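Report on the following structure.
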Amino acid sequence: MTDFKRTLITTALPYANGPIHIGHLAGVYVPADIYARYLRLKNEDVIMIGGSDEHGVPITLKAKKEGLTPQDIVDRYHNIIKKSFREFGISFDVYSRTSSKTHHETASAFFKKLYDEGKFIEKTSEQYYDEENEQFLADRYIIGTCPKCGFEKAYGDQCESCGTSLSPAELISPMSMISGNQPVLKETKHWYLPLDQYEPWLKEWILEGHKEWKTNVYGQCKSWIDSGLQPRAVTRDLDWGVPVPVEGVEGKVLYVWFDAPIGYISATKELTPDWEKYWKSPETRMLHFIGKDNIVFHCVIFPSMLKAEGTYNLPENVPANEFLNLENDKISTSRNWAVWLHEYLEDFPGKEDVLKYVLTANAPETKDNDFTWKDFQNRNNNELVAVLGNFVNRALVLTNKYFEGKVPARGGLSSYDKETLAGIKKIKGEVEKSLDSFRIREALKNAMDLARLGNKYLADEEPWKVFKNDVARVKTIMNVCLQITANLTICLEPFLPFSMDKLRGFLNLKNMDWGRLGETGLLPVGHKVNAPTLLFEKIEDSVIEAQLKKLADTKKANEMAEATAVPAKDDIEFDDFMKMDIRVGTIIECEKVAKTKKLLKLQIDTGIDLRTVVSGIAEYYRPEELIGKQVSILVNLAPKKLRGIESQGMILCAENADGSLSIVQPDKKVKNGSEVR
RNA sequence: GGCGAGGUAGCUCAGCUGGUUAGAGCGCGUGAUUCAUAAUCACGAGGUCGCGAGUUCAAGUCUCGCUCUCGCUACCA
């Protein structure tokens, strides 16, 4: 392994269209913060970079919806995010934003260099264009009828009703969200990063060179690289973002995925004029802390950009976490299913460390995990309060009681004393080993063992009994306990910074380096300690119930919203309706279409003829149970090839709120070919 | 359908290159203890290591098939 002199830690840039929730924290910011604090405590040269990702289409849409400018939107969320991070104690050395001047200059220059050196390829393609407003429309700016579910307000990239991902060309009767007019297809030129050219290099660099990466990270990279990489557009027709710095080009910006990771560089520039040593010196180790959704960007795409540029370092490791669920359900910003950081800070003042602890102890390092309020309460009450807080309290209360708060001198040490003191160094080694391999959850457990060591020592030595006939021995015992307590302030500092600060207050102790962890004389004899207050407080059931009620209310509100039927469509003439030829037919044959999950191929006797229909209902019906059933079928829909099979019609289905499908059929058997109207 | 990750005690997870009675924390039970926020300490119960084959003297650990969960992906009329 290379000997690095400094570390650059980047944390995924949160998208500035919503506040931070526990999923972001558990996946990225808490582990990154712990690791950064650990390195700082070791006096290593480390910087931790963060910032808001403020470009991209969703922000422009939100702005439009609220009648504000995109800048208004990002200002709002950037401020909420930045404030909540600061209050929560995520120790960024700099928290920047991609709408900053520095970033625009940096991203622009980065693009320009690759452009000038011919690292991009140019491609012209047809995209929808709004003639009235004279601009190309991003996928999200196009609205139309979803070809699958008939939802009229599907976006060009995705139907929010059925969740299908789409391309703008698939929408039926597309409409510009800006003018309301029908857009026209028009040619536009864009630049692409030819990822395919980097494939052999990526293979070598990751698949051969970084087998030590986490299995989830390595596996996903391998999957992408092996399946063949495609050139990726780096520009977009949009007016919100970093303008493409090419002469004569207007109305184009850098694609948000291209500009966002450069934000790490910009933020570093804002932090220090010496930024280049963090990005370009081979003695610097770069780490990207991200969630699993970002693996491909940080392992394949961004490195390819850096490689193309040529002067930058590549990431040494990318410790990506899986996802955190909340009370057995996926965290979702749009469904308001989350514990929001800014709300937590209001509801639980002074309990920043409790959330950090719970999110770390239950971190989704190897697989998706579940956050429950009950677990939150249990870990606080049974671990922080009962194990850590209680030990500290015992040590200090006894010292105050027997020795007026002065650290007593040790006498001769028993072999058990020696063993206990040696245990501190052992724990230090374990914590280091875990942290060095990014096993943060394990590291926290290791560190907490120090408090367990103390509790056990106290229980075994029973100073409250010994005091009756051997005060000298009690002096030794309490000295050992206090040294353990002092060591806790170092050992747990990366994980519980606020609480350890408080504990240092109890002990009258200054901050100490990681290197001193394991020393048995951190507190000199005669040193005065204070009377302790509680390091952690129990959390009562009522508090947890209040949070659960809040979530239950959200769930209820969501159900109400789901129960509300999609609004009626515009009126049509009777003749329009009569254009549709819907018949009753009987399913004669039915089989799954190979290599698909949702498609069934059906032979249907429509009374007119026997025809083949492909339908996306395989998730709800098994082929054998459909044979012989009567269904309603739209027979005069233009045929379309799906998976190479020509589908000659559409089977009518009702879609439930959960997206499940139910075929519409006559309630009595009727003659095949009967018209439905 | 393809690919990736995961399926180990009630819960959350360790188990490296295959090797004595499969581990930890929490929860549960019993006992000890009272300095401490009824906290702590000891002991214990609890697992056919997703299912089925195979390789091997020996498999949670390797191979194959199946199955379930999550994610990515695919032309879901």
Side-chain angles (χ1 to χ4, degrees), chain A residues 146-150 162-167 170 172 214-224 226-227 292-293 295-296 322-323 325 330 361-370 372 374-375 378-379 381-387 389-402 434 439 441-442 444-446 448-449 451-452 454-465 467 474 477-478 481 532-538 592-600 613-619 633-634 637-645 647-653 661:
Chain A
C146 172
K148 182 202 172 191
C149 68
C162 63
T164 307
S165 24
L166 304 165
S167 74
E170 288 177 282
I172 301 163
K214 287 176 66 173
T215 49
N216 56 342
V217 176
Y218 185 88
Q220 186 153 8
C221 291
K222 184 164 164 36
S223 168
W224 264 69
D226 286 351
S227 63
K292 69 171 161 184
D293 52 334
I295 289 173
V296 170
E322 302 283 303
F323 284 159
N325 294 324
K330 277 178 207 175
N362 190 27
E365 287 180 3
T366 47
K367 65 172 189 186
D368 292 359
N369 271 346
D370 199 27
T372 65
K374 192 69 201 159
D375 182 58
N378 282 338
R379 289 194 186 274
N381 293 356
N382 301 331
E383 297 175 32
L384 288 178
V385 173
V387 176
N390 184 39
F391 169 67
V392 167
N393 197 40
R394 298 170 88 185
L396 288 169
V397 165
L398 286 171
T399 303
N400 276 299
K401 188 167 170 179
Y402 297 145
S434 297
R439 292 152 65 131
R441 182 177 59 200
E442 180 73 12
L444 175 59
K445 214 174 117 186
N446 298 146
M448 282 293 285
D449 281 342
R452 294 179 203 284
N455 274 322
K456 181 167 163 49
Y457 179 77
L458 265 180
D460 289 340
E461 293 299 321
E462 302 180 303
W464 49 91
K465 276 189 187 167
F467 192 74
V474 174
I477 296 169
M478 291 322 299
C481 284
T533 56
L534 296 184
L535 195 54
F536 296 100
E537 285 168 359
K538 282 205 152 194
K592 264 195 101 168
V593 179
K595 298 193 172 188
T596 65
K597 204 190 309 189
K598 298 187 181 174
L599 295 186
L600 288 182
V613 172
V614 177
S615 182
I617 55 175
E619 284 182 308
I633 170 172
L634 180 60
L637 184 65
K640 160 120 186 188
K641 269 199 170 182
L642 286 171
R643 280 276 165 191
I645 305 163
S647 179
Q648 304 157 312
M650 174 170 165
I651 293 174
L652 270 43
C653 288
L661 297 175

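Only a predicted model underlies this, so the values are computations on that prediction, with no experimental measurement involved. Convention: sequence-line order gives letters A, B, ...; per-chain numbering from 1.
- Between the SG atom of A:Cys481 and the CG atom of A:Leu398 there is a distance of 7.5 Å, given to the nearest 0.5 Å.
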Strictly under 3.5 Å: I want the nitrogen or oxygen pairs between protein and nucleotides 3-10 of chain B, one per line.
{"unit_1": "B:C3", "atom_1": "O2'", "unit_2": "A:Ser223", "atom_2": "OG", "d": "2.5"}

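- Rounded to a whole angstrom, the distance from the P atom of B:C72 to that of B:G15 is 26 Å.
- Straight-line distance between the C1' atoms of B:G25 and B:U63: roughly 35 Å, to the nearest whole Å.
- The nucleotide B:U21 finds no pairing partner, because no Watson-Crick or G-U wobble arrangement with both distances shorter than 3.5 Å includes it.
- The residue from A:Glu322, A:Lys367, A:Lys292 that alone fulfils the side-chain hydrogen bond (donor to acceptor under 3.5 Å, both in side chains) condition with A:Asn216 is A:Glu322.
- Distances shown here put every side-chain N or O of A:Lys456 at or beyond 4.0 Å from the OP1 or OP2 atom of B:U40.
- Remark: A:Lys214 NZ to A:Arg439 CZ distance equals 10.5 Å, nearest 0.5 Å.
- Here A:Lys222 pairs with A:Asp226 under the side chain to side chain donor-acceptor pair (under 3.5 Å) rule; sequence neighbours left out.
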Atom pairs, protein N/O to nucleotides 32-38 of chain B N/O, distance under 3.5 Å:
{"unit_1": "B:C35", "atom_1": "O2", "unit_2": "A:Arg394", "atom_2": "NE", "d": "3.1"}
{"unit_1": "B:C35", "atom_1": "N3", "unit_2": "A:Arg394", "atom_2": "NE", "d": "3.1"}
{"unit_1": "B:C35", "atom_1": "N3", "unit_2": "A:Arg394", "atom_2": "NH2", "d": "2.6"}
{"unit_1": "B:C35", "atom_1": "N4", "unit_2": "A:Arg394", "atom_2": "NH2", "d": "2.8"}
{"unit_1": "B:A36", "atom_1": "O3'", "unit_2": "A:Asn393", "atom_2": "ND2", "d": "3.2"}
{"unit_1": "B:A36", "atom_1": "O2'", "unit_2": "A:Asn390", "atom_2": "OD1", "d": "2.8"}
{"unit_1": "B:A36", "atom_1": "O2'", "unit_2": "A:Asn393", "atom_2": "ND2", "d": "3.2"}
{"unit_1": "B:A36", "atom_1": "N1", "unit_2": "A:Arg394", "atom_2": "NH2", "d": "3.4"}
{"unit_1": "B:A36", "atom_1": "N3", "unit_2": "A:Asn390", "atom_2": "OD1", "d": "3.4"}
{"unit_1": "B:A36", "atom_1": "N3", "unit_2": "A:Asn390", "atom_2": "ND2", "d": "3.3"}
{"unit_1": "B:A36", "atom_1": "N3", "unit_2": "A:Arg394", "atom_2": "NE", "d": "2.9"}
{"unit_1": "B:U37", "atom_1": "N3", "unit_2": "A:Phe536", "atom_2": "O", "d": "2.6"}
{"unit_1": "B:U37", "atom_1": "O4", "unit_2": "A:Leu535", "atom_2": "N", "d": "3.4"}
{"unit_1": "B:U37", "atom_1": "O4", "unit_2": "A:Phe536", "atom_2": "N", "d": "3.3"}
{"unit_1": "B:U37", "atom_1": "O4", "unit_2": "A:Phe536", "atom_2": "O", "d": "2.8"}

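- B:A42: Watson-Crick or G-U partner is B:U30, with both key distances under 3.5 Å.
- Nucleotides B:A39 and B:G27 have their P atoms positioned 9 Å apart, rounded to a whole Å.
- If you take atom C1' in B:U20 and the same atom in B:U67, they sit 33 Å apart, rounded to whole Å.
- Separation of the C1' atoms belonging to B:G47 and B:A9 is 5 Å when rounded to the nearest angstrom.
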Using the 3.5 Å cut-off, write out each protein N or O paired with an N or O of nucleotides 24-27 of chain B and the distance between them.
{"unit_1": "B:A24", "atom_1": "O2'", "unit_2": "A:Lys445", "atom_2": "NZ", "d": "3.3"}
{"unit_1": "B:G25", "atom_1": "O3'", "unit_2": "A:Arg452", "atom_2": "NH1", "d": "3.4"}
{"unit_1": "B:C26", "atom_1": "OP1", "unit_2": "A:Arg452", "atom_2": "NH1", "d": "3.3"}
{"unit_1": "B:C26", "atom_1": "O3'", "unit_2": "A:Asn382", "atom_2": "ND2", "d": "3.4"}
{"unit_1": "B:G27", "atom_1": "OP1", "unit_2": "A:Asn382", "atom_2": "OD1", "d": "3.3"}
{"unit_1": "B:G27", "atom_1": "OP1", "unit_2": "A:Asn382", "atom_2": "ND2", "d": "2.9"}

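- Separation of the C1' atoms belonging to B:U61 and B:C3 is 24 Å when rounded to the nearest angstrom.
- In this structure B:A36 sits in no base pair that meets the Watson-Crick or G-U test at under 3.5 Å.
- A donor and an acceptor atom, one from each side chain of A:Arg394 and A:Asn455, are located under 3.5 Å apart.
- Atom CG in A:Asn446 sits about 13 Å away from atom P in B:A14, given to the nearest Å.
- In this structure, the side chain to side chain contact (heavy atoms under 4.5 Å, CB included) partners of A:Lys330, at least two apart in sequence or on a different chain, are A:Asn325.
- Using a 4.0 Å cut-off between a side-chain N of Lys or Arg and a carboxylate O of Asp or Glu, A:Lys445 and A:Asp449 do not qualify as a salt bridge.
- The glycosidic torsion of B:G18 lies more than 90° away from 0, placing the base in the anti range.
- B:A45 and B:G2 have their C1' atoms separated by 46 Å, given to the nearest Å.
- Remark: the separation of the P atoms in B:G23 and B:C49 is 14 Å, to the nearest Å.
- Nucleotide B:G1 forms a Watson-Crick or G-U wobble pair with B:U73, both donor-acceptor distances falling under 3.5 Å.
- Annotation: the span from A:Arg441 atom CZ to A:Glu365 atom CD amounts to 5.0 Å, rounded to 0.5 Å.
- In this entry the distance linking CG of A:Asn325 with P of B:C70 reads 10 Å, nearest Å.
- Without hydrogens or angle criteria, A:Asn400 side chain to A:Leu396 main chain gives a donor-acceptor distance under 3.5 Å.
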Problem set entry | side chain to side chain contact (heavy atoms under 4.5 Å, CB included) evaluation trace for A:Ile633 with A:Val613 | CA-CA 9 Å; A:Ile633 170 172; A:Val613 172; 3.6 Å; yes
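- A:Asp293 meets the side chain to side chain contact (heavy atoms under 4.5 Å, CB included) test with A:Phe323; sequence neighbours excluded.
- To the nearest 0.5 angstrom, A:Glu537 atom CD is 12.0 Å from A:Leu384 atom CG.
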